[in-house]
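What follows is one structure encoded as structure tokens, with my remarks underneath.
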Amino acid sequence: SSFYSGTAHRSSSCIWCSKVCGFIFLLVFIMASYVLSSERKTQLFTPYLIEEDLSEDALRDVVRSIATKVKFRARRVPDVSELIILEEHMFSVAPRRFLPDVKNPCWFEELRGDVSADPYGSNLFGRSFRQIQLIFEQLSGSFTQRLTRHDGRLQLLRCLPYFYIIGQPKCGTTDLYERLRLHPDVRLTPPKEPHWWSRKRFGIIHSGERPQTRFPLDHYLDLFDPVALQIQQSLLGNSSSNIITGEASASTMWDNDAWLYLYGNSTGAEPPSLVQDFIHALQPDTRLIAILRDPVERLYSDYLYFGTANKSALDFHQKVCESLRMFEGCLRDAGLRACVYNSTLNKAMSVRLEVGLYVVFVLDWLSVFSRDQLLVLRLEDHALNPRLSMSRIFRFLSLGALSDQRQRQISKSPVSNPRRASDRDLGPMRPATRELLTLFYSPFSQRLAEVLQDESFTWDL
């Protein structure tokens, strides 16, 4: 995630846009549901015409209109029985209780069938990632030696992550992940971002794509077999294990775009269940880490990182203007959560405005997890003092004390995933863009600061 932060320079107003597209009207269809399979119908919001007035005053009015429509309402949390109906296989694989002498959530899984066959040959992660395939090939060679026998039945130790770095994109998740790897009690295996909970369990390989073959929970668990092997070796030595593992899919916190593939067109505009409902049902005691940054800067960093050709401050401004109008249009017909989780709207917007609406996601995670299970950090603080932020994480994860040498190694480690030189050359966003985004994000950041009881999360917006 980028640590780059530009300083604003004065520039001209939005005259450019009236020259380019002031002569047309934009017909915008804001859709209430999502792209369904070919057999399903798509529900639409009522279409409406927007006169293409992109003057600064008009755009400020759009953002002020958004602020008047923002209402934070509690969500309905689904019962576990409802989740089991949706993910019967997942709940049949993972137990409700884990081994008592192991800090990481692990259990022994009974094996059936031919154990001499390649246990990872059909794993979809292995087929998708060459690095994982190589790890699986190494594990396959010692697979039968890892099996234990209990009451005449063969068993294999399986583990889920002890913690999740759940978000957000372009906020420093990669840097946290790489520094955590340096702690002697933490074992992290590739990939850093499996995106299983938010995407691959639905068969979505890349964000925005339609579902294909679903990745079952068994394939996700295979990713943590190297850690399970180390934990098993500790148990065989008649000692408890303090080793923990985790993952850092930055989509886990916010990406629920696949929800309609579960429910079809039988529900309203809001997803009846979210990623966190399933994680909580399987792991009610898990630990969650989120790192956030000034949402205005996050959006520009996101645009620079994920954008394609012809990136510029001018292009970014145009995309922001278009996306703000679309979001405001959605709020005319639907509630805040319905718009934030509307995948069709999110795909239509050319910048990911919704990812910076942190408080919506934080409130939804706190609807199922307790406040002490969620550690929320700021990238700005982490960049200024990584040793302090990592110490907070280690305490949060109940990790043992480190030597001064190891602490220095972790805190002095080079920054991971910095902004590319070619993107730095594009310079900062336009002052007019910054003003609009500051106005847009301000009420959300104010509410976030109230929820977290920390004024620093306003970012002085």
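Computed from heavy atoms alone, side chains included, the values below leave out hydrogens, waters and symmetry copies. Fair warning: this is a prediction, and the values are worked out from it, not measured in the lab.
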Acceptor/donor pairs from residues 361-369 side chains to any protein atom, 3.5 angstrom cut, sequence neighbours excluded:
unit_1	atom_1	unit_2	atom_2	d
Asp364	OD1	Arg337	NE	3.4
Asp364	OD2	Arg337	NE	3.3
Asp364	OD2	Arg337	NH2	3.2
Asp364	OD2	Tyr341	OH	2.7
Trp365	NE1	Met253	O	3.0
Ser367	OG	Arg75	NH1	2.9
Ser367	OG	Asp364	O	2.5

Handout entry: Validation row, ring centre Phe444 to ring centre Tyr358 under 6.0 Å
Key = no

Fill in the blank from the handout: Taken in chain and number order and not counting sequence neighbours, the residues that satisfy ring pair (Phe, Tyr, Trp, His ring centres under 6.0 Å) with His195 are none

Fill in the blank from the handout: Residues passing the side-chain contact (heavy atoms from CB on, under 4.5 Å) test with Ile135, sequence neighbours excluded, are Leu139, Pro190, Pro226

Handout entry: side-chain contact (heavy atoms from CB on, under 4.5 Å) against Arg76, all qualifying residues, sequence neighbours excluded
Key = Pro78, Glu82

Practice task
Sorted by first residue and then second, give each salt bridge (Lys or Arg N to Asp or Glu O under 4.0 Å) pair with at least one member in residues 449-461; sequence neighbours left out.
Solution key: Arg447-Glu450

Handout entry: Heavy-atom side-chain contact between Asp257 and Arg199 under 4.5 Å
Key = no

Practice task
Report the residues that fulfil salt bridge (charged side-chain N to carboxylate O under 4.0 Å, His left out) with Asp315, sequence neighbours left out, ordered by chain and then residue number.
Solution key: Lys319

Exercise for the section: Quick one: list whatever passes ring pair (Phe, Tyr, Trp, His ring centres under 6.0 Å) with Phe125, sequence neighbours left out. Expected result: Phe215

Completion exercise
Hits for ring pair (Phe, Tyr, Trp, His ring centres under 6.0 Å) against Phe129, two or more places apart or cross-chain, chain-then-number order -> none

Practice task
Check ring pair (Phe, Tyr, Trp, His ring centres under 6.0 Å) between Tyr441 and all other residues, then give those that pass, not counting sequence neighbours.
Solution key: none

Practice task
Could I get the full list of side-chain contact (heavy atoms from CB on, under 4.5 Å) partners for Glu435, not counting sequence neighbours?
Solution key: Arg60

Problem - Candidate pair Glu328 and Lys69, rule salt bridge (charged side-chain N to carboxylate O under 4.0 Å, His left out), full reasoning - result: CA-CA 9 Å; Glu328 192 270 339; Lys69 297 178 176 67; 3.4 Å; yes

Practice task
Please assess Lys192 against Glu178 for the test salt bridge (charged side-chain N to carboxylate O under 4.0 Å, His left out), listing each intermediate value before the final yes or no.
Solution key: CA-CA 9 Å; Lys192 174 232 175 189; Glu178 293 298 335; over 6 Å; no

Fill in the blank from the handout: Residues at least two apart in sequence or cross-chain that pass side-chain hydrogen bond (donor to acceptor under 3.5 Å, both in side chains) with Trp107, listed by chain then number, are none

Problem - Qualifying residues under side-chain hydrogen bond (donor to acceptor under 3.5 Å, both in side chains), relative to Asp79, sequence neighbours excluded - result: Ser81

Exercise for the section: Could you go through the side-chain hydrogen bond (donor to acceptor under 3.5 Å, both in side chains) check for Tyr162 and Gln283 one step at a time? Expected result: CA-CA 9 Å; Tyr162 177 80; Gln283 300 177 257; over 6 Å; no

